[in-house]
Amino acid sequence: MSKQQSNATMQSEIFIVLMIVMVLLFIITSFYISKLKEHQQPPLIVLDEAHGYSFSSSSAILSDNFLLQLDRSVIKKIRDFSQKYKCDIVEVYGYTDGKPFPINIAKSTQSFDNSLHRCLVDKGCNIDNIEASSNLELGMKRAVSVVEFLKPKLLNNKSYIKTLRPYSGGAFIDAKGEIAKIEDRAGDKYRRRIEIRLSRSHDLR
């Protein structure tokens, strides 16, 4: 073999080795990024009144537009995030503005809790039949309403999601995520919102 052929063979071998190293680096990097995402927090999904996610005053019934938006884009976004970030829990938070809540009928908190619990475990619940007496209760009703709509769409054998949980922040948290001022009673389309967060059950252990 001539020296020129020997050099060409060596260069070819070096090229092959470099290609193998690059492929291995790509595989390792992809694996690392995949594992890294399993510990990252997925983006928060905010559904506020300013963008068409609205409820009638003091109501927890999902409007037609709200339902349409959930079906068209929100459900897909939740599914994509759950797969990408390996999240199996969906947390739905209901928030209201700071306007004082009108109380028409005196009732016990225990009655509200029991009725809302039955709404979560029984089918065919009319959520607006459960009367709230505070913004905190109204926020919870709205979160439950969204959870009940999402359940049949997200909980199935093909889904990575295993649990949906409702929570309420009432009027305590403003649109920036900070504790709202007690004197801030003004209506705010960004403050009246539903927030959807995804988390992992194994992070809680």
Do [X] and [Y] have side chains that approach each other closer than 4.5 Å (heavy atoms only, starting at C-beta)?
{"X": "K84", "Y": "P42", "answer": "no"}
{"X": "E148", "Y": "L120", "answer": "yes"}
{"X": "F81", "Y": "P43", "answer": "yes"}
{"X": "I194", "Y": "Y53", "answer": "no"}

[Y] backbone acceptor or donor facing [X] side chain under 3.5 Å:
{"X": "S115", "Y": "S111", "result": "yes"}
{"X": "R193", "Y": "A50", "result": "no"}
{"X": "R79", "Y": "S159", "result": "no"}

Quick check for you: to the nearest 0.5 Å, what is the distance between [X] atom [atom1] and [Y] atom [atom2]?
{"X": "I78", "Y": "K153", "atom1": "CD1", "atom2": "NZ", "result": "12.0 Å"}
{"X": "K141", "Y": "I61", "atom1": "NZ", "atom2": "CD1", "result": "7.5 Å"}
{"X": "M140", "Y": "N135", "atom1": "CE", "atom2": "CG", "result": "15.0 Å"}
{"X": "F112", "Y": "S134", "atom1": "CZ", "atom2": "OG", "result": "7.0 Å"}
{"X": "D188", "Y": "T96", "atom1": "CG", "atom2": "OG1", "result": "11.0 Å"}
{"X": "R197", "Y": "C87", "atom1": "CZ", "atom2": "SG", "result": "13.0 Å"}

- prompt: Is atom NZ of K162 surrounded by more than 12 heavy atoms (other residues, nucleotides or ligands) closer than 6.0 Å?
  reply: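 Count over threshold, so yes.
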
Flag if over 12 foreign heavy atoms under 6.0 Å of NZ, K189: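 Open.
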
- request: For residues 15-25, pull every pair meeting salt bridge (charged side-chain N to carboxylate O under 4.0 Å, His left out), keeping only residues two or more places apart or in separate chains.
  value: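 As it turns out, there is no salt bridge (charged side-chain N to carboxylate O under 4.0 Å, His left out) pair with a partner in residues 15-25 once direct neighbours are skipped.
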
message: Would C125 and I130 count as a side chain to side chain contact (heavy atoms under 4.5 Å, CB included) here? Give the steps.
response: CA-CA 9 Å; C125 165; I130 305 170; 4.2 Å; yes

Members sharing [X]'s hydrophobic cluster (side chains within less than 4.5 Å):
{"X": "V46", "result": "L44"}
{"X": "Y93", "result": "Y95, L136, Y167, F172, I173, I179"}
{"X": "L24", "result": "I16, I20"}

Side chain to side chain donor-acceptor pair (under 3.5 Å) against R142, all qualifying residues, sequence neighbours excluded: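 In terms of side chain to side chain donor-acceptor pair (under 3.5 Å), with neighbours along the sequence ignored, R142 is linked to no residue.
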
task: Please name all residues satisfying side chain to side chain donor-acceptor pair (under 3.5 Å) with D174, sequence neighbours left out, ordered by chain then number.
output: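 Scan of D174 (side chain to side chain donor-acceptor pair (under 3.5 Å), adjacent residues dropped) gives none.
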
Between [X] and [Y], which heavy-atom pair has the shortest distance, and what is it?
{"X": "I127", "Y": "S145", "result": "CD1-N, 3.8 Å"}
{"X": "L138", "Y": "S59", "result": "CD1-O, 4.0 Å"}
{"X": "S63", "Y": "S54", "result": "OG-O, 3.5 Å"}
{"X": "N156", "Y": "K158", "result": "OD1-N, 3.0 Å"}
{"X": "A171", "Y": "G98", "result": "CB-CA, 3.8 Å"}
{"X": "R200", "Y": "K86", "result": "CG-O, 3.3 Å"}

task: Could you walk me through whether D64 and L68 pass side chain to side chain contact (heavy atoms under 4.5 Å, CB included), step by step?
output: CA-CA 6 Å; D64 290 342; L68 188 64; over 6 Å; no

query: Taking atom types as modelled and ignoring hydrogens, do the side chains of H51 and D48 form a donor-acceptor contact shorter than 3.5 angstrom?
result: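 Indeed, the side chains of H51 and D48 share at least one donor-acceptor pair under 3.5 Å.
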
task: Applying side chain to side chain contact (heavy atoms under 4.5 Å, CB included), run through I161 and L150 and close with a yes or a no.
output: CA-CA 11 Å; I161 299 164; L150 293 177; over 6 Å; no

Side chain to side chain contact (heavy atoms under 4.5 Å, CB included) partner of Y160, chosen from D88, L198, L154: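 By the side chain to side chain contact (heavy atoms under 4.5 Å, CB included) criterion, Y160 pairs with just one of D88, L198, L154: D88.
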
field: Verdict with supporting geometry, F149 and D71, side chain to side chain contact (heavy atoms under 4.5 Å, CB included)
entry: CA-CA 10 Å; F149 177 78; D71 254 334; 4.0 Å; yes

- request: For the pair R192 and D97, find out whether any cationic side-chain nitrogen is under 4.0 Å from an anionic carboxylate oxygen.
  value: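 Salt bridge: yes.
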
- request: Find out if a path of hydrophobic residues (ILVMFWY) with successive side-chain heavy-atom gaps under 4.5 Å connects L47 to Y190.
  value: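 L47 and Y190: separate clusters.
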
